[in-house]
Amino acid sequence: MSREQIKNLIERRLPEAGRLATALKGVQLFRVTEAVPCTPAVYKPTVVAILSGTKEAVLDGEHHVYGSDKYLLCPMTLPVEAGTPKASEEVPLLGVLIALEPRMMRELTMEIETAAGGKKHLRDCEPSALALAPWDVGFTQALLRLLELLDNPVDLEVLGQGRMRELCYAVLMGEARAAARRAFGVGNEIAGTIEYLSNHLNKQVTIDDMADHVGMSRAVFHRRFKEATTMSPIQFVKSMRLNNAAMKIAEGKTVSEAAWDVGYQSASQFSREFKRMYGQSPRQWGNAVQLPERLT
């Protein structure tokens with residue numbers, strides 16, 4: 001019943017296709033009524049919950065397709081391809097996006113581990129960079145309680161932070177907990193490195209620089225990074241830069257502007273690497289593709 005209430009709440013506020021930024025900071029509602037192929041995107045730390053239809057995210061060739069049976073957790077900034085290839089007027093994609101506040105997630109992770117006596121009593125399988133988790137009771141009720149605040153501005157102002165903590169806690173205790181706790185708990189150096197990289201794409205940062213920054217040898221850093229993201233550090237940085245550049249070109253920037261913005265100093269190198277990844281030159285790609293409004 002709670003899930004149906006959430007769906008009705010979203011439909012009431014968003015009767016037509018589009019995206020709605022709510023009065024809750026970082027919370028957006030969305031409705032998509034036409035198929036959108038997977039195109040380059042950069043995911044931030046986010047939870048995406050679908051109430052109708054299906055959404056797809058592709059990370060390093062691995063497809064993550066999810067609908068109303070599971071929610072998606074992206075615990076760190078990642079270069080992906082994302083789309084809604086099956087959305088239609090008859091079966092619209094309807095959902096909610098919650099941007100995760102890293103500081104809140106880190107604090108909650110530490111509190112959970114402290115309350116558990118520092119013991120990781122749950123044996124989790126090796127977490128993936130993107131995690132899908134079923135809607136358990138805790139997550140469903142926390143999301144409903146959060147969105148219900150939209151009906152009352154006073155409740156929202158007074159209870160908003162507490163309800164957001166409740167939702168984050170549900171994620172950290174649900175089946176996506178391994179990916180969440182690895183990104184936000186003790187030993188989250190890789191997530192911290194990724195956050196730094198995403199904010200300095202136009203700088204020339206070497207693998208040795210990143211390894212030194214977190215106090216690891218190059219070999220250990222390379223292994224830990226690939227375990228966390230499925231990609232090598234070099235592959236990750238390249239994907240982040242090219243995905244950001246593709247989005248900028250689709251939004252109207254020139255090829256040279258996009259290349260410069262993401263740290264390329266050679267236009268020819270940028271064009272070569274772009275064509276190798278997307279199969280078209282940057283100019284051809286920009287003429288053929290128009291990115292939809294981002295849902296993340």
Side-chain angles (χ1 to χ4, degrees), residues 1-14 19-31 43-53 55 57 64 66-76 93-116 120-122 124 127 130-185 191 295-296:
M1 182 59 185
S2 296
R3 211 179 309 182
E4 191 65 28
Q5 289 175 276
I6 296 170
K7 182 180 178 183
N8 292 338
L9 187 152
I10 297 172
E11 289 178 326
R12 178 156 45 93
R13 285 171 172 76
L14 201 58
R19 180 174 62 175
L20 175 66
T22 72
L24 285 161
K25 183 181 178 182
V27 177
Q28 299 179 13
L29 311 179
F30 56 85
R31 178 193 285 264
Y43 275 15
K44 300 291 186 181
T46 307
V47 168
V48 184
I50 304 299
L51 281 302
S52 169
K55 188 164 167 50
H64 301 263
Y66 59 106
S68 58
D69 58 332
K70 294 183 178 181
Y71 63 88
L72 175 84
L73 167 69
C74 178
M76 62 188 81
L93 175 74
L94 191 71
V96 55
L97 178 153
I98 303 103
L100 298 175
E101 205 286 295
R103 181 176 178 178
M104 180 182 290
M105 292 293 289
R106 286 193 290 266
E107 289 174 351
L108 278 169
T109 302
M110 291 178 64
E111 289 177 30
I112 290 169
E113 295 300 334
T114 299
K120 297 184 178 180
H121 59 286
L122 297 171
D124 298 308
L130 289 175
L132 296 178
W135 289 60
D136 55 36
V137 174
F139 176 82
T140 306
Q141 292 183 348
L143 181 57
L144 175 61
R145 283 164 55 79
L146 179 68
L147 295 180
E148 282 177 334
L149 294 177
L150 296 173
D151 289 328
N152 189 314
V154 176
D155 288 351
L156 188 149
E157 183 66 27
V158 175
L159 301 175
Q161 278 292 98
R163 297 280 174 90
M164 183 63 79
R165 277 177 58 88
E166 184 181 357
L167 180 79
C168 292
Y169 177 78
V171 172
L172 286 163
M173 297 299 288
E175 288 196 21
R177 60 185 174 268
R181 294 186 194 183
R182 180 169 64 178
F184 298 108
L295 303 177
T296 226

In Å, rounded to the nearest 0.5 Å, how long is the span from [atom1] of [X] to [atom2] of [Y]?
{"X": "Arg163", "Y": "Leu156", "atom1": "CZ", "atom2": "CG", "answer": "10.0 Å"}
{"X": "Leu72", "Y": "Tyr66", "atom1": "CG", "atom2": "OH", "answer": "4.5 Å"}
{"X": "Glu101", "Y": "Met164", "atom1": "CD", "atom2": "CE", "answer": "9.5 Å"}
{"X": "Ser68", "Y": "Lys7", "atom1": "OG", "atom2": "NZ", "answer": "8.0 Å"}
{"X": "Gln161", "Y": "Leu24", "atom1": "CD", "atom2": "CG", "answer": "10.0 Å"}
{"X": "Arg182", "Y": "Met76", "atom1": "CZ", "atom2": "CE", "answer": "6.0 Å"}

Could you check whether atom CZ of Arg103 has more than 12 heavy atoms from other residues, nucleotides or ligands sitting under 6.0 Å from it?
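No, the 6.0 Å shell around CZ holds no more than 12 heavy atoms from other groups.
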Has the side chain of Arg181 got a donor or acceptor atom that lies under 3.5 Å from a matching backbone atom of Leu172?
yes
Strictly distance-based, threshold 3.5 Å: is any side-chain N or O of Arg177 a donor or acceptor partner for the main-chain N or O of Gly174?
yes
Out of Leu146, Val27, Leu147, which one pairs with Thr22 under the side chain to side chain contact (heavy atoms under 4.5 Å, CB included) rule?
Val27
Which residue is it: Leu144, Leu143, Val137? I am looking for the one with a side chain to side chain contact (heavy atoms under 4.5 Å, CB included) to Ser2.
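Going through the options one by one, the only one that passes is Leu144.
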Are Leu73 and Leu100 side-chain neighbours, meaning at least one heavy-atom pair lies under 4.5 Å?
yes
Under 4.5 Å between any side-chain heavy atoms of Pro134 and Glu175, yes or no?
yes
List for me each residue that meets salt bridge (charged side-chain N to carboxylate O under 4.0 Å, His left out) alongside [X], sequence neighbours excluded, and say none if there are none.
{"X": "Glu157", "answer": "none"}
{"X": "Arg13", "answer": "Asp151"}
{"X": "Glu111", "answer": "Arg165"}
{"X": "Asp136", "answer": "none"}

Could you give all pairs that pass the ring pair (Phe, Tyr, Trp, His ring centres under 6.0 Å) test and reach residues 141-178, with sequence neighbours left out?
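For residues 141-178: none.
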Checking side chain to side chain contact (heavy atoms under 4.5 Å, CB included) for the pair Glu107/Met110: CA distance, chi angles, key distance, verdict?
CA-CA 5 Å; Glu107 289 174 351; Met110 291 178 64; 5.9 Å; no
Can you see which heavy atom on [X] is nearest to which on [Y], and at what distance?
{"X": "Leu130", "Y": "Ala57", "result": "CD1-CB, 4.2 Å"}
{"X": "Ala131", "Y": "Ala176", "result": "CB-CB, 4.0 Å"}
{"X": "Pro75", "Y": "Ala180", "result": "CB-CA, 4.4 Å"}
{"X": "Pro102", "Y": "Phe184", "result": "CA-CE2, 3.9 Å"}
{"X": "Cys74", "Y": "Tyr43", "result": "SG-CB, 3.5 Å"}
{"X": "Leu93", "Y": "Gly53", "result": "CD1-C, 4.1 Å"}

Qualifying residues under side chain to side chain contact (heavy atoms under 4.5 Å, CB included), relative to Ile10, sequence neighbours excluded:
Ile6, Leu29, Leu51, Leu94, Val96
Listed partners of Val154 passing side chain to side chain contact (heavy atoms under 4.5 Å, CB included), at least two apart:
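For Val154, the residues satisfying side chain to side chain contact (heavy atoms under 4.5 Å, CB included) (neighbours in sequence not counted) are Asn152, Val158.
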Partner residues of Tyr71 under the ring pair (Phe, Tyr, Trp, His ring centres under 6.0 Å) criterion, sequence neighbours left out
Phe139
Qualifying residues under side chain to side chain donor-acceptor pair (under 3.5 Å), relative to Gln141, sequence neighbours excluded:
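For Gln141 there are no side chain to side chain donor-acceptor pair (under 3.5 Å) partners, ignoring immediate neighbours.
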Set of side chain to side chain donor-acceptor pair (under 3.5 Å) partners for Arg106, sequence neighbours left out:
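For Arg106, no residue satisfies side chain to side chain donor-acceptor pair (under 3.5 Å) once neighbours in sequence are set aside.
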